[in-house]
Amino acid sequence: GKCVVQARRSLQSTPVITGRPQVTVYDEGYGAAKTIRANLGATRRLTPFFTMTLDASYVKGIGQSASRDLNLNLGTPFLLANEGNRPVYINPSLIVPTTGAIPFTSTRKDAGYGSVNQVFSGLENETKQVTASMNWFNTRGSTLSANYTMQFARDQASNLTPGDPNAFLWARSSNERRHNIQLNFTKVFSPTFELTAIGSMASGSRYSPVVGSDINGDGSRNDLAYVFNPANANDPVLAAAMDDLLKNGSKGAKACLASQVGKIAERNSCIGPWSPSLNLQVNLKPGMFQNRLTISFATINLLGGLDELFN
């Protein structure tokens, strides 16, 4: 996810796709991604109808694919002192002062081509998680299970950058859900009728504060935002906007930005709200075809549907 927290003049380079061929090449060492997995689990039966399970897993991905623009002229950048010395890969004398526009050729090693993307295998990711489960059942077929999962996931990525577009920095993964709670309940009322409810509550997904335009001069709108301190910002409009965001933004956004004032935000440093879910399913077994026929009625995300209906 993305959260745009800055609105100001930025480098307006001509898109690399305009009138110039783009090229994609593959590194000679490019290959399929690989995964290393390790799992450990234990189950204990406490009573004839109640068990507990603990599972731990570790997954490491290696040789994950990424790309870099070989035609991007990084050269020697100048530094934005008011943005934590963010590097900008443009000769400042080429920037049009009134608009912030730059000549397209100033960002290319060969002006006859747009982007020359080299696809390679070299990034990594890792996920660690622990799941604790409690399971109960009775002789009539009714069951109840409760599961809690704690997850830690990190990865390297190139989609967002604080400066150097070819630096593949480690950060929390956007796929991480730190906490996940799930309850499953099935009640057998009779041989022909049963009800199943599945409820879950998951912590929010991670997202990144980003700028809506190109800042570092690489021609892509993928720059992580610098979180200005309203008390020190030279632009009064920017200061007022940041002050309003820090005071009136969502609880999660305010906490995320307040912890990073005065520096470039980290990728996936913000966390969205928790999300609940409830699914219901009714199973009818009319006793036809030697009891092989089951008619099911199911709802998906019942809480979301009720919210749409009444709000």
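Remember, predicted model here, so these are calculated numbers, not experimental data.
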Looking only at the side chains, is there a donor atom on one of Thr186 and Thr196 sitting less than 3.5 Å from an acceptor on the other? yes
Between Arg206 and Asn268 (side chain of the first, backbone of the second, donor and acceptor by atom type, cut-off under 3.5 Å), is there such a pair? yes
Does the plane of the ring in Tyr226 sit parallel, tilted or perpendicular to the ring in Phe228? Use 30° and 60° as the thresholds. perpendicular
Quick one: do Phe120 and Tyr30 satisfy ring-ring contact (aromatic ring centres under 6.0 Å, His included)? Show the steps, please. CA-CA 5 Å; Phe120 66 98; Tyr30 176 77; 8.8 Å; no
Tyr58 ring centre to Arg37 NZ or CZ under 6.0 Å, with the angle to the axis within 45°? no
Within the distance-only criterion (no hydrogens, no angle test), does the side chain of Asp69 pair as donor or acceptor with the backbone N or O of Ser115 below 3.5 angstrom? no
Decide salt bridge (Lys or Arg N to Asp or Glu O under 4.0 Å) for Glu194 and Lys187; before the verdict, give the C-alpha distance in whole Å, the side-chain angles of both, and the deciding distance to 0.1 Å. CA-CA 6 Å; Glu194 65 182 37; Lys187 172 66 175 177; over 6 Å; no
Ignoring hydrogens and angles, tell me if any N or O in the side chain of Asn71 forms a donor-acceptor pair with the backbone of Tyr113 under 3.5 Å. yes
For Glu126, enumerate each residue passing the salt bridge (charged side-chain N to carboxylate O under 4.0 Å, His left out) test, keeping only those at least two apart in sequence or located in another chain. Arg154
Checking the side chain of Glu176 only, and the main-chain atoms of Ser174 only, is there a donor and an acceptor separated by less than 3.5 Å? no
Just do the side-chain contact (heavy atoms from CB on, under 4.5 Å) check on Thr24 and Val116 with the steps written out, would you? CA-CA 6 Å; Thr24 298; Val116 179; over 6 Å; no
Apply the test side-chain contact (heavy atoms from CB on, under 4.5 Å) to residues Leu245 and Leu257: give CA-CA distance (whole Å), side-chain angles for both, the deciding distance (0.1 Å), then the verdict. CA-CA 9 Å; Leu245 182 58; Leu257 297 177; 3.4 Å; yes
Report yes or no: do Tyr207 and Ile271 belong to one cluster of Ile/Leu/Val/Met/Phe/Trp/Tyr joined by side chain heavy-atom distances under 4.5 Å? no
Looking only at atom types and distance, does a side-chain atom of Ser203 sit under 3.5 Å from a main-chain N or O of Arg178, one as donor and one as acceptor? yes
Count the heavy atoms belonging to other residues, nucleotides or ligands that lie under 6.0 Å from NZ of Lys254, then report whether that count exceeds 12. yes
Under a 3.5 Å distance rule, please check whether Asn73 uses its side chain to pair with a backbone N or O of Thr107 as donor and acceptor. no
Whether the side chain of Asn229 engages the backbone of Gly262 through a donor-acceptor N/O pair (distance < 3.5 Å, no angle test) should be reported. no
Taking atom types as modelled, find out whether Ser93 and Asn91 have a side-chain donor-acceptor pair closer than 3.5 angstrom. yes
When you measure from the side chain of Arg177 to the backbone of Asn180, do you find a donor-acceptor pair of N or O atoms at a distance under 3.5 Å? no
